[in-house]
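Proteins get letters first, then strands, A, B, ... in listed order; numbering begins at 1 in each.
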Amino acid sequence: MEKVLSINGISKKYGRIQAVNALFIEIQKSQVFGLLGPNGSGKTTTLSILLDLIKPDNGTFEWFGKPPSKESRKRIGSVIESPNFFPYLSAVRNLKIVADIKDKPYDDIGEVLQIAGLYDRRNDHFRDYSFGMKQRLAVASALLGSPDVLILDEPTNGLDPQGIAQMRDLIKMVAQKGITIILASHLLDEVQKICSHVAVLNKGRILFDGEVRDVLAVSELLEIAASNMEQLHDAISHYPGFVSIVKSEGKWLIYLKDQIRPAEVNEFLYEQGIVLTHLAERKRTLEQHFLELLNDNS
Amino acid sequence: MIKLLKIELKKILTYKVFWILMGLYFLFLVLGILMAGFIINSWIDDISKHSPIPFPHVIIYLFPDIWQNITFFASIRFILILPAIVVIILITNEFTNNTIRQNIVNGMSRQEFLLSKLQLIFFISLLITIILVIAILIIGISNTADYSMMIMFKKISFAGGFFFQLFTFLIFAFFTGFLLRNTGLSIAFFTLYALIIEPVLYFILKVPKLQPNNISRFLPVNSVIRIVEYPYFPVLKKLMGLNVQEQISLIDCAVPIIYSLVMVGIVYWVLSTKDL
């Protein structure tokens, strides 16, 4: 796997507030990496440090295995905060400036404007665009010159439902091309729908990171019942990977380590002479899980 | 190198405010040059009233003195303030539109950002100077009956002096805009300082007993303005004695150079070390 970004313990303090606290992250090529956290958890500060807008107090980071430079930034397309363009220039003129800075030809401009659905309004001044169009122009600008990495900070913020759907489709389309994506969001649902990997951030620290399905979806429960509930309780406590058990509505809810395999549990109990009258997988909602991750560590 | 200037020119090519202000500047410049002769002759009339011998009217558009006279009128504070406002708008726009951040994010280094603005200021100064030189040549040739190449270009160093004045003055404007970041505030502060505060300071500091080591010449705007300090015509020499400027003095240029270097140094330091 090719390493795109490695962050080695960056920290940033604003007065008394520790915005980013000794952050370590590694992102590999073609990952869709989500930075998930509530507002003020340090997502934007982290992205700003990665793009040389903010100087970290401590720590280093590398893009493409090299210390950060303007050359590495030319390989990155980014949409951070609000769309920043010259209001009195047309979309095309604004994008030509971007292309000049990135040392990229103008050939792509028509194409990225088409992708963003702005081709027909390409000669209009940026100031005459609606908010959604401005946001889409920012995406078009980020896509200019086929970047290796796309950084998106809250890309669906302030968009209407249709705009949100379009933006997500666009991100998925980009991801399919094998472009590495780093997406900061406070919306769990968004990260879950789009990302392959995630780091959950709170108060500038990483609480959890890994593949989305491990971090956000693995915490499943098994609901079991048998005619003799006491015997069942004793038997299941000896199951390898057993974590804890609670009674709920006349059934046992068991938490297990690793992946849950109902068939194995059933077989294990059958060998102990217990016949289950009820066996069901239950998932905690993602919101519950997200809040739990935040609460456990605050 | 030229790439940065190209980017800057793209930013202003279709920017109406830029062209309107530059147009206004050239309008003032033309009016200034046309009125200059009239102003000076009414000044001479005034002096003649108090003098036993009346002074004759002068033509200020003759080679070689036209170089000095026109660059003098082109560089009075009230005219020079217009391109300074243009520069302030161009730099503060980068902050109000957040495009400075976007430029950095897209792959411009912070030092390149400074360099691109310095190139733009250099380019604007050069362009204005070239236009002025062409105007001087045209006006000079049509007014001077008899001239040789020697006489024609004798005082061309004033064109260089004017370029230097304009360039350093625009650096001051750039510095103000960069530090204050807000367009209205920067224009108000810079205009107030250059047109009112400093002339008042100059007047206070220029009390007679301090004359020999007059520190007023070290005031930043004044140090720029005095590079072409007076217009020149023979009668003035008679009026004021030998103390009339006839050439650009390189020593006079030292003070604005030091100011400019310090200002660019501060901007470089802020850009290199601070968050954007």
Side-chain angles (χ1 to χ4, degrees), chain A residues 12-14 19 44-45 47-57 63 68-90 92-104 106 123 125-127 134 137-138 141-142 144-145 147 149 151 153, chain B residues 1-22 86-117 119-120 123 177 181-183 268-276:
Chain A
K12 178 73 183 179
K13 223 172 181 172
Y14 291 118
T44 301
T45 306
L47 294 183
S48 300
I49 290 172
L50 296 177
L51 294 168
D52 193 32
L53 292 177
I54 292 177
K55 306 273 181 189
D57 299 332
W63 280 109
S69 68
K70 60 173 183 165
E71 296 308 325
S72 57
R73 291 201 299 282
K74 286 176 187 171
R75 298 172 61 183
I76 303 165
S78 38
V79 181
I80 44 160
E81 298 160 345
S82 54
N84 301 325
F85 294 98
F86 289 100
Y88 46 81
L89 297 184
S90 69
V92 171
R93 286 189 185 278
N94 268 303
L95 290 188
K96 278 185 177 174
I97 291 173
V98 176
D100 282 346
I101 294 174
K102 285 183 175 291
D103 291 324
K104 300 282 160 76
Y106 299 155
N123 291 321
H125 288 161
F126 175 69
R127 62 165 171 255
K134 287 179 176 174
L137 183 62
S141 157
L144 199 62
V149 181
I151 292 182
D153 188 7
Chain B
M1 282 291 279
I2 199 79
K3 174 191 145 188
L4 294 174
L5 182 60
K6 269 188 185 163
I7 292 171
E8 288 307 308
L9 293 179
K10 278 211 179 69
K11 291 178 184 175
I12 58 173
L13 202 66
T14 57
Y15 184 30
K16 273 188 205 140
V17 175
F18 173 80
W19 294 109
I20 290 171
L21 283 173
M22 290 306 274
V86 169
V87 166
I88 288 175
I89 290 173
L90 292 181
I91 180 64
T92 51
N93 267 352
E94 297 277 357
F95 288 102
T96 46
N97 298 323
N98 261 329
T99 40
I100 175 170
R101 289 164 62 96
Q102 201 62 44
N103 284 174
I104 304 298
V105 163
N106 286 339
M108 196 184 261
S109 74
R110 290 159 177 247
Q111 291 72 25
E112 277 177 339
F113 181 82
L114 170 59
L115 194 61
S116 72
K117 290 296 174 212
Q119 284 185 9
L120 180 68
F123 179 81
R181 299 191 175 193
N182 174 296
T183 312
Y268 183 89
W269 177 78
V270 169
L271 270 177
S272 303
T273 58
K274 302 287 176 191
D275 297 342
L276 286 172

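Interatomic distance, A:I101 CD1 to B:I7 CD1, rounded to the nearest 0.5 Å: 4.5 Å.
Residue contact with chain B, scored on non-hydrogen atoms closer than 4.5 Å, is absent for A:L144. Neither the backbone nor the side chain of B:I100 comes within less than 4.5 Å of any heavy atom of chain A.
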Show me, pair by pair, the donor and acceptor atoms from chain B and chain A that are under 3.5 Å apart.
from, atom 1, to, atom 2, distance (Å)
B:K3, NZ, A:D103, OD1, 3.1
B:K10, NZ, A:D100, OD2, 2.6
B:K10, NZ, A:Y106, OH, 2.8
B:N93, ND2, A:Y88, OH, 3.4
B:R101, NH2, A:E81, OE1, 3.0
B:R101, NH2, A:E81, OE2, 3.4
B:Q102, OE1, A:N84, ND2, 3.4
B:I104, O, A:R73, NE, 2.6
B:I104, O, A:R73, NH2, 3.4
B:M108, O, A:R73, NH2, 2.8
B:R110, NE, A:D52, O, 3.2
B:R110, NE, A:D52, OD2, 3.3
B:R110, NH2, A:D52, O, 2.6
B:R110, NH2, A:L53, O, 3.2
B:E112, OE2, A:K70, NZ, 2.6
B:S272, O, A:K55, NZ, 3.3
B:D275, OD1, A:K55, N, 2.8
B:D275, OD2, A:K12, NZ, 2.9
B:L276, N, A:L53, O, 2.7

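A:P56 pairs by the side chain to side chain contact (heavy atoms under 4.5 Å, CB included) definition with A:I10, A:I49, not counting sequence neighbours.
Between chain A and the residues B:V105, B:V17, B:L13, the most heavy-atom pairs under 4.5 angstrom are made by B:V105.
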